[in-house]
Amino acid sequence: QVQVVESGGGLVQAGGSLRLSCAASGRTFSSYAMGWFRQAPGKEREFVAAISWSGEIIYYADSVKGRFTTSRDNTKNTVYLQMNALKPEDTAVYYCAATYTGRATTNRYEYIYWGQGTQVTVSS
């Protein structure tokens with residue numbers, strides 16, 4: 001019914017930038033709130049950013065605030081995560097997720113549909 005696919009991960013040096021994309025196949029994409037999460041080996045999945053269906057409400061984790069920016073283009077069924085000033089501690093598998101409530105949330109358990117993840121590795 002709903003497929004979520006992340007892309008754009010890769011290897012980057014500390015201080016560099018990377019842009020992740022999340023494409024969703026749902027017919028009602030414009031009504032979904034979307035979230036970004038990440039998970040490093042041996043650690044719990046943690047919140048990164050969230051954006052409401054309209055893009056008017058955006059949340060960021062304190063660890064990425066000022067460096068990461070999320071945006072969406074509902075005409076393309078796509079959400080973006082622009083990551084600047086990357087640090088080695090940003091290394092993780094990054095996931096995007098969708099909830100059809102339309103309300104942005106930092107709680108991973110409120111998201112219903114998840115992508116398979118894309119690896120981001122930041123070298124020092």
Fill in the blank from the handout: In short, V48 meets V64 closest at the heavy-atom pair O-CG2, 3.6 Å
Practice task
Side-chain contact test, heavy atoms from C-beta onward, threshold under 4.5 Å: evaluate it for T121 versus V12 and give yes or no.
Solution key: no
Exercise for the section: Please assess I51 against V79 for the test side chain to side chain contact (heavy atoms under 4.5 Å, CB included), listing each intermediate value before the final yes or no. Expected result: CA-CA 9 Å; I51 184 167; V79 178; 4.3 Å; yes
Exercise for the section: Check the hydrophobic clustering (I, L, V, M, F, W, Y; side-chain heavy atoms under 4.5 Å; chains of links allowed) and say if V5 and V120 are grouped together. Expected result: no
Problem - Qualifying ring-ring contact (aromatic ring centres under 6.0 Å, His included) pairs with a residue from residues 60-85, counting only residues at least two apart or across chains - result: none
Practice task
Look only at the side chain of T99 and the backbone of E110, and say whether a donor-acceptor pair between them is shorter than 3.5 Å.
Solution key: yes
Handout entry: side chain to side chain contact (heavy atoms under 4.5 Å, CB included) between V2 and Y100, intermediate numbers included
Key = CA-CA 10 Å; V2 178; Y100 56 29; over 6 Å; no
Practice task
Answer yes or no: are there more than 12 heavy-atom neighbours, outside E46 itself, under 6.0 Å from its atom CD?
Solution key: yes
Practice task
Ignoring hydrogens and angles, tell me if any N or O in the side chain of R67 forms a donor-acceptor pair with the backbone of S63 under 3.5 Å.
Solution key: yes
Exercise for the section: Look at the side chain of S52 and the backbone N and O of I57, then say whether any donor-acceptor pair between them is shorter than 3.5 Å. Expected result: yes
Handout entry: Separation between CG of N77 and CZ of R72, rounded to the nearest 0.5 Å
Key = 9.0 Å
Exercise for the section: Inspect the contact between K65 and D62 and indicate whether a charged nitrogen and a carboxylate oxygen are less than 4.0 angstrom apart. Expected result: yes
Handout entry: disulfide (SG to SG under 2.5 Å): pairs with one or both residues in residues 31-124, sequence neighbours excluded
Key = C22-C96
Practice task
Kindly give the heavy-atom pair with the smallest separation between T91 and V122, and that separation in Å.
Solution key: OG1-N, 2.9 Å
Handout entry: Gap separating the CZ atom of R103 from the OH atom of Y32, nearest 0.5 angstrom
Key = 16.0 Å
Problem - Residues E89, R38: salt bridge by 4.0 Å N-O rule - result: no
Exercise for the section: Can you measure from OH (Y95) to CZ (F37) and round to the nearest 0.5 angstrom? Expected result: 12.0 Å
Problem - Sub-4.5 Å side-chain heavy-atom contact between R45 and V93 - result: no
Exercise for the section: Please answer: with hydrophobic residues joined when any side-chain heavy atoms are less than 4.5 Å apart, are L81 and W114 in the same cluster? Expected result: no
Problem - Modelled atom types, side-chain donor and acceptor of D73 and T75, under 3.5 Å - result: yes
Handout entry: Nearest atoms (heavy-atom pairs only) where T78 meets S21
Key = CG2-CB, 4.3 Å
Practice task
Would you kindly confirm whether W53 and I58 end up in one hydrophobic cluster when ILVMFWY residues are joined by side chain heavy atoms under 4.5 Å apart?
Solution key: no
Fill in the blank from the handout: Heavy-atom closest pair (F29 atom, M34 atom, distance to 0.1 Å) is CE1-SD, 4.0 Å
Problem - S31 side chain vs G102 backbone, donor-acceptor pair below 3.5 Å - result: no
Exercise for the section: May I ask you to decide if G15's main-chain N or O and N84's side chain share a donor-acceptor pair within less than 3.5 Å? Expected result: no
Fill in the blank from the handout: Minimal heavy-atom distance between S123 and L11, with the atoms involved, is CB-CD1, 4.4 Å
Exercise for the section: Using the side chain to side chain contact (heavy atoms under 4.5 Å, CB included) rule, pick out the option among Q82, E6, M83 that qualifies with L20. Expected result: M83
Exercise for the section: Apply ring-ring contact (aromatic ring centres under 6.0 Å, His included) to the pair Y59 and F47, showing each step before the final yes or no. Expected result: CA-CA 10 Å; Y59 301 139; F47 168 76; 7.3 Å; no
Problem - Any donor-acceptor N/O pair, Y111 side chain to A33 backbone, under 3.5 Å - result: no
